[in-house]
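The structure appears right after this line, and notes come after that.
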Number of protein chains: 2
Amino acid sequence: MNYGVIMMMDRSCPGTVEPILEILDGKWTLLLLFELFNGTRRFGELRRKLQPISPKTLTDRLRLLEEKGIVTRTIYPGVPLHVEYELTESGQGLQPIFAAMWTWTQEYGSYLRKEPNEMGQETEKLV
Amino acid sequence: MNYGVIMMMDRSCPGTVEPILEILDGKWTLLLLFELFNGTRRFGELRRKLQPISPKTLTDRLRLLEEKGIVTRTIYPGVPLHVEYELTESGQGLQPIFAAMWTWTQEYGSYLRKEPNEMGQETEKLV
DNA sequence: TGCAATAGTTTCAAAAAATGAACTATGGGG
DNA sequence: CCCCATAGTTCATTTTTTGAAACTATTGCA
């Protein structure tokens with residue numbers, strides 16, 4: 001049973017990591033970040049890609065990410081005006097986390113199940 | 001602008017990673033997992049450590065994690081009966097994700113802010 | 001028989017998040 | 001002076017999540 005890394009982080013960790021879950025939280029955040037990992041995006045683009053997200057939810061999310069310093073918002077006046085959203089350095093720095101999630105899914109994703117006992121895994125024991 | 005890893009994962013990724021966010025989602029999940037990273041825990045122990053979580057929320061969380069194959073539940077009859085929760089292999093496999101979050105926080109945590117413009121960071125530009 | 005200690009469940013209320021529909025703002029062109 | 005396209009905002013409603021309080025179940029023992 002090797003808890004190496006976590007042992008190092010010990011108790012200070014939950015508190016340390018919580019702010020990040022505030023960032024990743026929310027129904028659409030994940031898709032939104034993936035969209036932005038692939039480059040600068042305009043409001044309308046995001047709205048189309050994340051269909052059927054509501055414009056309110058999209059602005060809520062973007063404002064939160066902006067507040068946390070994850071994205072920048074650049075306004076281009078002119079007709080019609082447009083606005084571009086782009087990841088900051090710390091926003092791009094989120095990638096290793098997603099990479100780790102991806103690795104986990106590769107390794108253990110097949111263990112996932114929705115129906116209890118679907119794959120004959122035992123998670124309940126009577127001793 | 002180096003989107004290396006994500007570029008590799010491309011579009012398949014959001015769908016691939018989503019199941020994991022289902023696991024990590026929820027107000028208490030993070031603390032709960034940290035508690036279990038440090039070893040086997042009984043229901044009452046978890047309840048005390050996560051105070052003031054309600055027993056309902058705790059069972060909801062544990063049942064979800066069990067369903068997803070992240071924890072096992074072992075019942076020890078006898079008086080008084082007790083139940084132990086323990087991470088499965090895939091549950092322990094979540095650690096690198098937390099490690100990546102921890103690294104992110106070390107690197108960028110200081111950029112985080114609650115109040116708009118608190119640290120003089122520019123996230124809004126007019127071009 | 002009833003109490004103690006464990007691990008829950010049940011029911012209902014409260015709070016938080018997401019949605020839908022309609023509306024605002026901007027400014028050049030017809 | 002109205003229209004177009006952009007990027008939102010506002011407000012009421014629905015859905016989801018969380019919580020609090022009280023209750024159930026098990027079983028050995030006094």
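Computed over heavy atoms, backbone and side chain alike; hydrogens, waters and symmetry mates excluded. Proteins come first, then strands; the chains are lettered A, B, ... in the order of their sequence lines, and each starts at number 1.
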Going by atom types only, do Glu66(A) and Thr123(B) share a side-chain donor-acceptor pair under 3.5 Å? yes
List the atom of Ile20(B), the atom of Met101(A), and the distance in Å for their closest heavy-atom pair. CG2-SD, 3.6 Å
Can you name the one residue among Asp60(B), Ile70(B), Thr88(B), Leu87(B) that meets side-chain contact (heavy atoms from CB on, under 4.5 Å) with Leu65(B)? Ile70(B)
Under 4.0 Å from a heavy atom of chain B: give me the 5'-most and 3'-most nucleotides of DNA chain D that qualify. dT18(D) to dG28(D)
On the 0 to 90° scale, with breaks at 30° and 60°, tag the Tyr108(A)-Trp104(A) ring pair as parallel, tilted or perpendicular. tilted
Pairwise distance CD(Glu45(A)) to CD(Glu35(A)) - rounded to 0.5 angstrom: 7.5 Å
Tell me whether the rings of Tyr85(A) and Phe43(A) are parallel (<30°), tilted (30 to 60°) or perpendicular (>60°). tilted
Once rounded to the nearest 0.5 Å, what's the spacing between atom CD1 of Ile97(A) and atom OG1 of Thr103(B)? 8.5 Å
To the nearest 10 degrees, what angle separates the axes at the start and end of the helix from dT1(C)-dA30(D) to dG30(C)-dC1(D), five pairs each? 40°
Side-chain ion pair, Glu22(A) and Lys68(A), N-O less than 4.0 Å: yes
Is a side-chain N or O of Ser90(A) found less than 3.5 angstrom from the main chain of Gly69(A), in a donor-acceptor match? yes
Check this for me, if you would: do Arg42(B) and Glu84(B) make a salt bridge, where the nitrogen-to-carboxylate-oxygen distance has to be below 4.0 angstrom? no
Once you round it to whole Å, what is the distance between C1' of dA17(C) and CG of Leu21(B)? 16 Å
Within the structure shown, what part of the strands sits under 4.0 Å from Gly78(B) by heavy-atom distance: base, sugar-phosphate, or nothing? nothing
What does the list of N/O pairs under 3.5 Å between the protein and nucleotides 7-16 of chain C look like, with a distance for each?
from: dA7(C); atom 1: OP1; to: Val83(B); atom 2: N; distance (Å): 3.2
from: dA7(C); atom 1: OP2; to: Gly44(B); atom 2: N; distance (Å): 3.0
from: dG8(C); atom 1: OP1; to: Arg63(B); atom 2: NH2; distance (Å): 3.3
from: dG8(C); atom 1: OP1; to: Arg73(B); atom 2: NE; distance (Å): 3.3
from: dG8(C); atom 1: OP1; to: Arg73(B); atom 2: NH2; distance (Å): 2.5
from: dG8(C); atom 1: OP2; to: Tyr85(B); atom 2: OH; distance (Å): 2.8

I need the CD1-P distance between Ile53(A) and dG20(C), as an integer number of Å. 11 Å
